[in-house]
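The structure presented is a predicted model; accordingly, all values stated were derived computationally and were not measured.
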Amino acid sequence: MASTNDPFQFQEFEEAGNLLEANRDATTINIEEDDIKPDKQRKAASFTPDGDDEDPLASDDKTELLSGPKKSVPFWTFEYYQRFFDIETHHVKERIIGSVLPWPGKNYIHVHLHRNPDLYGPFWICTTLVFAIAISGNISNFLVHLGKPNYKYTPEFRKVTIAATAIFTYAWFVPLALWGFLLWRNNKIMNLVSYSFMEIVCVYGYSLAIYIPAVVLWIIPFEWLRWCSIVVALFLSGSVLVMTFWPAVRDDHPKVIIAVLSAITVLNILLAVGCKAYFFSKPEAVLPAAATEVTKAPSST
């Protein structure tokens, strides 16, 4: 028989019972139910005072959305380039306006791209410029020979291929060479500003937007108007490029700075002047039929 002073006897239950009998109006608190019931009540009332009570499915979706762009995808896959075409229309509009109206002292990448370059705008700008050059060149050639009896209009579709080769080569291979050079210089000088390849491609693509209205003006057969539009387009496009890449080379050697900025400017000039000289060159005079027969007569005897 157990002693009354047995240490293994549970006296707490008897004391708790005695206390409840002494004060029957007292309320007991269950710790486990206290943790569960308020949560249920808060959920039933749709009240979430802090972020710990959010829906776990919603938090999982937010985590996946936030971590999605950070996933590294190989560049040869479709998913890698898909994110560069996910852009709103008003963003494209702002970037086009920023390339046509550059503001002194403002970096185009930092002001307009916000580390989120796109290929949608540059692709359609280059494509539109290709067809604008080819179509404007054919129309200009037609207007120059309009009214001449010996002229027969034949559309030159090869101009589309030549224009596409020139524009897309400039918009892709020049940024590739510039990106490689800046990357090489950044490894030697650690404090240089670095840009990604897609950011450079984006800047070059949007810098060509000013040439679209300039090319349309080249249809008018006035050389002074063509050269004035070329000068304006070169100034605006070159200003965007120079102000954008100036922070990337300003801490470098002075000879490197001059070489990089000169190469950017010269290549831009070569593209504009080359397109004007090839697609809008002054046509050769068409000889009348009588003059052709006269010149051929001595050679036949």
Side-chain angles (χ1 to χ4, degrees), residues 87 89-114 117-137 140 163 166-175 177-179 193 195 198-220 222-250 257-258 260-280:
I87 187 172
T89 304
H90 65 92
H91 290 157
V92 177
K93 181 179 178 181
E94 292 175 359
R95 294 176 181 185
I96 292 176
I97 295 175
S99 66
V100 175
L101 300 174
W103 193 259
K106 290 189 176 181
N107 191 318
Y108 185 84
I109 292 179
H110 294 162
V111 174
H112 298 284
L113 299 189
H114 304 293
D118 70 287
L119 294 180
Y120 180 86
F123 173 77
W124 285 112
I125 288 174
C126 293
T127 304
T128 305
L129 183 59
V130 166
F131 285 98
I133 290 176
I135 295 173
S136 299
S140 176
I167 297 300
F168 281 97
T169 299
Y170 174 81
W172 280 92
F173 287 98
V174 174
L178 181 59
W179 171 73
V193 179
Y195 300 135
M198 288 301 172
E199 289 176 340
I200 299 177
V201 171
C202 188
V203 173
Y204 266 83
Y206 279 104
S207 68
L208 295 175
I210 188 60
Y211 287 107
I212 296 177
V215 166
V216 175
L217 290 177
W218 293 354
I219 297 177
I220 304 174
F222 295 119
E223 289 296 320
W224 64 269
L225 179 61
R226 293 176 177 176
W227 283 109
C228 288
S229 62
I230 288 177
V231 171
V232 174
L234 283 175
F235 175 77
L236 296 177
S237 178
S239 299
V240 173
L241 296 176
V242 171
M243 288 189 297
T244 299
F245 296 105
W246 164 251
V249 297
R250 62 184 175 185
I257 298 175
I258 296 174
V260 172
L261 297 182
S262 299
I264 293 174
T265 305
V266 170
L267 291 175
N268 193 18
I269 294 174
L270 288 178
L271 177 69
V273 176
C275 289
K276 189 270 174 189
Y278 182 81
F279 296 99
F280 299 88

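Side chains of Leu234 and Tyr211 form a contact here, defined as non-hydrogen atoms less than 4.5 Å apart. Residues Leu270 and Tyr170 are not in side-chain contact: their nearest non-hydrogen atoms beyond the backbone lie 4.5 Å or more apart. For the pair Ile230 and Lys276, the minimum side-chain heavy-atom distance is below 4.5 Å. Using a 4.5 Å cut-off on side-chain heavy atoms (C-beta onward), Leu271 and Ile167 make contact. Inter-residue side-chain proximity for Val201 and Trp179 is flagged as unmet; no heavy-atom pair is nearer than 4.5 Å. Counting heavy atoms from C-beta on, the side chains of Tyr206 and Asp118 come closer than 4.5 Å. Between Ser136 and Phe280, the closest side-chain pair of non-hydrogen atoms falls below 4.5 Å. Put simply, the side chain of Trp103 does not reach to within 4.5 Å of the side chain of Met243, judged on heavy atoms.
Considering every non-hydrogen atom in both Ile257 and Val249, the closest pair reads CG1-O, 2.8 Å. Nearest approach of Cys126 to Leu208, heavy atoms of both residues: SG-CD1, 3.9 Å. For the pair Asn107 and Pro247, the tightest heavy-atom approach, listed with the atom from each and the gap, is ND2-CG, 3.5 Å. Shown here for Pro175 and Ile200, the closest heavy-atom pair between the two residues is CB-CG2, 3.5 Å. Minimum interatomic distance between Leu113 and Cys202 (heavy atoms only, all atoms of both residues): CD2-SG, 3.5 Å. Taking all atoms of both residues into account, the shortest heavy-atom contact from Ile133 to Cys275 is CD1-SG, 4.0 Å.
Ring-plane geometry between Tyr195 and His110 is classed as perpendicular, the angle between the planes exceeding 60 degrees on a 0 to 90 degree scale with a lower cut at 30.
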Kindly indicate, with the supporting measurements, whether the criterion side-chain contact (heavy atoms from CB on, under 4.5 Å) is fulfilled by Ile264 and Phe245.
-> CA-CA 9 Å; Ile264 293 174; Phe245 296 105; 3.9 Å; yes
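Of the inter-residue distances, the one linking Thr128 atom OG1 with Phe123 atom CZ reads 9.0 Å to the nearest 0.5 angstrom. Going from atom CZ of Arg95 over to atom CD1 of Ile97 covers 13.0 Å, rounded to the nearest 0.5 Å. Between atom CG of residue Leu241 and atom CG of residue Leu267 there is a gap of 10.0 Å, rounded to the nearest 0.5 Å.
Heavy atoms of other residues, nucleotides or ligands lying less than 6.0 angstrom from OH of Tyr120 number 12 at most.
For the 3.5 Å distance criterion, the side chains of Tyr204 and Asn268 fail to qualify, holding no donor opposite an acceptor. Defined by atom type and a distance below 3.5 Å, a donor-acceptor pair is present between the side-chain atoms of Ser229 and Trp218.
None of Leu236, Thr244, Ile210, Val242 except one satisfies the side chain to side chain contact (heavy atoms under 4.5 Å, CB included) rule with Pro102; the exception is Leu236.
Ser207 places no side-chain N or O within 3.5 Å of a backbone atom of Ser237 that could act as its donor or acceptor partner. No side-chain donor-acceptor contact under 3.5 Å links Thr265 to the backbone of Ser262.
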